[in-house]
Amino acid sequence: MKPETQPRVPPGGGAVSQKITPRAADYARWYLDVIQHAQLADHSAVRGCMVIRPNGYAIWEKMQRALDARFKATGHRNAYFPVFIPVSFLSKEAQHVEGFAKECAVVTHHRLRAKGDKSGVEVDPESKLEEPLIVRPTSETIIWSAYKQWIQSYRDLPILINQWVNVVRWEMRTRLFLRTAEFLWQEGHTAHATEKEAVEETRRMLDVYRDFSENVMAMPVICGPKTPGERFAGAVESFSIEAMMQDRRALQAGTSHYLGQNFAKAFDVQFLNAKGEREHVYAASWGVSTRLIGALIMTHSDDLGLVLPPRLADIQVVVVPIFKTEAEKTLVLEACERTIRALEAHNLEAHCDLREGMTPGAKYYDWEVKGVPLRIEIGPRDVESGKLVLVRRFVLEEPGDDEKAIRAKKKQFLSRDEAVSKTPAILDQMQQQLYQRALAFRSKHSRTVDSLEEYERFFKKEGGGFAWTHWAGSREDEEMMAKKYQTSIRNVPFERQGPPGSDGAGKCILTGKPSARRVLMSEAY
RNA sequence: CGGGCCGUAGCGCAGCUUGGUAGCGCGUCUGCCUUGGGCGCAGAAGGUCGCGAGUUCAAAUCUCGCCGGCCCGACCA
């Protein structure tokens with residue numbers, strides 16, 4: 001790997017310095033370049049925190065809208081609980097605290113004062129809080145302390161609440177979107193009268209995440225329970241959706257937890273059931289975060305920049321006008337305006353690029369790096385002939401395609417009416433193609449692995465990916481595998497998600513003990 | 001939190017070894033010219049050299065501390 005001191009281009013390299021590092025050269029660098037060039041986020045002055053810029057936030061808003069509709073459709077309502085949590089709340093459930101106590105931001109004072117030399121302000125030592133507050137790393141404790149007030153009878157159940165908020169986890173090692181000290185997420189917290197209901201809720205929301213990942217993000221995922229070692233602290237069982245990034249590493253894109261009666265016991269939340277007996281309530285929680293934006297980038301984007309699935313694109317079609325003279329400008333802009341109105345009538349989000357002082361070519365590159373799915377070019381010759389040029393952000397490539405062939409494949413010359421009427425179907429097709437491309441990539445780099453030799457070869461020599469292996473090892477065995485191969489058990493996939501022959505029983509690749517089903521092993525983010 | 005590297009104009013970097021006027025490319029602004037894949041020419045603006053101490057007549061440059069970033073490790077419900 002190139003040392004950081006090495007300039008990315010020779011001095012005087014000019015425009016070359018504006019280029020995105022190709023994935024093959026340095027995948028981590030490419031990821032950061034895409035974020036910077038597409039203007040999704042910046043590092044902030046505070047360690048590990050990010051500024052989410054409008055282009056990045058627009059993606060989050062689209063994700064929120066799609067997810068929120070699914071939460072509402074499954075009976076949930078939104079609420080808001082405070083960002084500050086009394087430290088004493090954390091001692092109620094030791095198991096839960098262990099999980100994140102080492103990464104909590106703590107508020108100890110409530111006032112600043114001017115420094116003696118007027119050079120600034122400092123914490124006023126007189127303003128110490130009687131009880132320190134932590135900034136929420138997750139909200140189980142504050143929410144369950146409220147639920148205790150709300151729940152008396154089985155008639156008060158279920159409680160199905162979600163909140164869209166920021167949380168803080170003082171991470172030692174951060175990466176934009178993937179792991180930041182502060183991030184945005186949603187956390188659903190539900191309370192139920194029976195174990196059956198709470199387990200169903202856990203599985204239902206996992207399936208909501210799967211549906212969202214596949215159909216909105218165009219990102220295939222593997223669903224299943226986590227191993228005991230990877231479980232959420234305080235959960236009886238945790239489930240995850242796992243996606244494969246383009247460097248073949250796994251990324252946990254969402255989790256759903258069955259919490260049993262653990263939190264109800266910690267906060268003493270009991271209810272009277274229909275038989276008049278007191279019982280602790282059953283709970284579930286589930287969440288996805290702005291990490292999904294990182295997943296989106298690493299699933300679809302390419303060496304030209306961001307690639308957005310049409311369903312998450314803030315601008316789905318950008319129209320670039322081309323003209324020389326004032327007379328041409330009038331004609332062309334009028335045609336652009338009509339085209340955009342027609343697209344909007346199809347419920348599409350279209351934008352006309354009216355920026356002055358930029359050549360059309362410069363605009364093409366700009367919208368490509370930002371990932372806009374479709375571009376329409378309209379010039380005087382097009383107005384004359386009633387046609388326009390429709391260009392896709394990406395096409396499926398075939399072996400032997402060179403740069404020129406790909407560029408040609410992306411372009412279509414259509415009449416204005418035809419282009420407008422076909423656009424919804426084209427966007428739909430692009431959405432499907434992204435999913436199919438990601439699925440094909442994952443399949444190509446997934447295989448069953450039945451011996452340690454094969455395992456070592458797969459990860460050390462063949463570039464790795466998803467290894468479907470039988471496993472019956474202990475928690476210590478898992479740690480040994482993690483140290484030796486830098487891999488971990490991502491989850492224990494439900495049936496019919498793996499490569500051929502991945503369902504059914506076998507023998508553990510480490511211990512040789514019988515194993516009922518295969519686990520998903522991979523390097524991970 | 002440990003090891004390595006880095007922080008100089010919006011972006012990418014040179015200058016630091018050997019202390020002495022703040023530089024380059026891209027971008028930005030103005031004008032002209034252009035516009036179907038990153039136009040061209042001319043002129044101009046833009047920097048507390050990450051922050052703070054120290055050494056020195058003099059610090060971007062040397063020393064120390066802190067803050068932030070990248071990579072590797074530990075950690076990561």
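Hydrogens, waters and symmetry mates are skipped; everything else that's a heavy atom, side chains included, is used. Note that this is a predicted model, so its numbers are computed, not measured. In what follows, chains carry the letters A, B, and so on, assigned in the order in which the sequence lines appear, proteins first and then strands, with residues in each chain numbered from 1.
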J.: Using purine N1 to pyrimidine N3 plus N6-O4 or O6-N4 for Watson-Crick, or N1-O2 and O6-N3 for G-U wobble, both under 3.5 Å, which nucleotide pairs with B:C62?
T.: B:G54

J.: Among B:G36, B:C71, B:C76, find the nucleotide with the atom closest to the side chain of A:Arg175.
T.: B:C71

J.: May I ask whether A:Tyr365 stacks on the base of B:G38, given the cut-offs of 5.5 Å between ring centres and 30° between planes?
T.: yes

J.: Please state the P separation for the pair B:U61 and B:G52 - nearest whole angstrom.
T.: 12 Å

J.: Name the pairing partner of B:A9, where a pair is Watson-Crick or G-U wobble with both distances under 3.5 Å, or state none.
T.: none

J.: If you measure from the P atom in B:G4 to the same atom in B:U63, how many Å do you get, rounded?
T.: 15 Å

J.: Decide whether a cation-pi geometry holds between A:Arg291 and A:Phe183; the criteria are a distance under 6.0 Å from NZ or CZ to the six-membered ring centre and an angle within 45° of the ring axis.
T.: no

J.: Using a 4.0 Å heavy-atom cut-off across all strands, classify A:Gln39 as base, sugar-phosphate, or nothing.
T.: nothing

J.: Do A:Glu368 and B:G38 have a side chain to base donor-acceptor pair shorter than 3.5 Å?
T.: no

J.: As a test of reading the structure: which of B:G69, B:G36, B:C71 is closest to the side chain of A:Thr174, going by heavy atoms?
T.: B:G69

J.: Any strand counts, and the cut-off is 3.5 Å on both contacts for Watson-Crick or G-U wobble. Which nucleotide pairs with B:A42?
T.: B:U30

J.: Below 4.0 angstrom from OP1 or OP2 of B:U35, is there any side-chain N or O of A:Lys324?
T.: yes

J.: Does A:Gln36 make a side-chain N or O approach to OP1 or OP2 of B:G12 shorter than 4.0 Å?
T.: yes

J.: From B:C71, B:G68, B:G38, pick the nucleotide closest to the side chain of A:Ala28?
T.: B:C71

J.: Identify whether any heavy atom of A:Lys411 sits under 4.0 Å from a base atom; if not, whether one sits that close to sugar-phosphate; answer base, sugar-phosphate or nothing.
T.: base

J.: Return yes if a side-chain donor-acceptor contact under 3.5 Å exists between A:Gln163 and A:Glu187, otherwise no.
T.: yes

J.: Which of these passes side chain to side chain contact (heavy atoms under 4.5 Å, CB included) with A:Leu308: A:Ile315, A:Leu296, A:Ile297?
T.: A:Leu296

J.: If you measure only the distance, is there a donor-acceptor pair under 3.5 Å linking the side chains of A:Gln261 and A:His280?
T.: no

J.: Is the positively charged end of A:Arg203 above the ring of A:Phe494, judged by distance under 6.0 angstrom from the centroid and angle within 45° of the axis?
T.: yes

J.: Select one nucleotide: of B:G36, B:A74, B:C76, the one nearest the side-chain heavy atoms of A:Asp382.
T.: B:G36

J.: Could you give the OH-to-C1' distance, from A:Tyr27 to B:C72, as a whole number of Å?
T.: 19 Å

J.: Sticking with atom C1', work out how far B:A60 lies from B:A74, rounded to a whole angstrom.
T.: 35 Å

J.: What nucleic acid atoms does A:Arg375 come within less than 4.0 Å of, heavy atoms only: base, sugar-phosphate, or nothing?
T.: base

J.: Would you mind reading off the distance between A:Glu171 atom CD and B:A74 atom P, rounded to a whole angstrom?
T.: 15 Å

J.: Counting side-chain heavy atoms from C-beta on, which of B:G37, B:C70, B:G73 comes nearest to A:Arg173?
T.: B:G73

J.: Taking the minimum atom-to-atom distance to the side chain of A:His43, which one of B:C70, B:U35, B:G36 wins?
T.: B:C70

J.: Using whole Å, report how far CG of A:Leu176 lies from C1' of B:G69.
T.: 10 Å

J.: Tell me which nucleotide among B:C76, B:G68, B:U35 gets nearest to the side chain of A:Arg179.
T.: B:C76

J.: If the C1' atom of B:C41 is compared with that of B:C5, how far apart are they to the nearest Å?
T.: 42 Å

J.: Base, sugar-phosphate or nothing for A:Glu140? Non-hydrogen atoms, less than 4.0 Å.
T.: nothing

J.: Touch check for A:Val320, heavy atoms < 4.0 angstrom, all strands: base, sugar-phosphate only, or nothing?
T.: nothing

J.: Suppose we call a contact any N or O donor and acceptor under 3.5 Å apart; does that hold for the side chain of A:Arg47 and the base of B:G68?
T.: no

J.: Does this structure show an ion pair linking A:Asp353 with A:Arg355, if we count only N-O contacts that are shorter than 4.0 Å?
T.: yes

J.: Looking only at side-chain atoms of A:Pro360, point me to the closest of B:G69, B:G36, B:G73.
T.: B:G36

J.: Measuring only the P atom in each nucleotide, how far is B:G46 from B:A22? A whole number of Å is fine.
T.: 15 Å

J.: Taking only the C1' atom of each, what is the distance from B:A14 to B:A53 in whole angstrom?
T.: 28 Å

J.: When the P atoms of B:C67 and B:C75 are considered, how many whole Å apart are they?
T.: 24 Å

J.: When rounded to the nearest 0.5 angstrom, what is the spacing between OG in A:Ser522 and CZ in A:Phe458?
T.: 8.0 Å

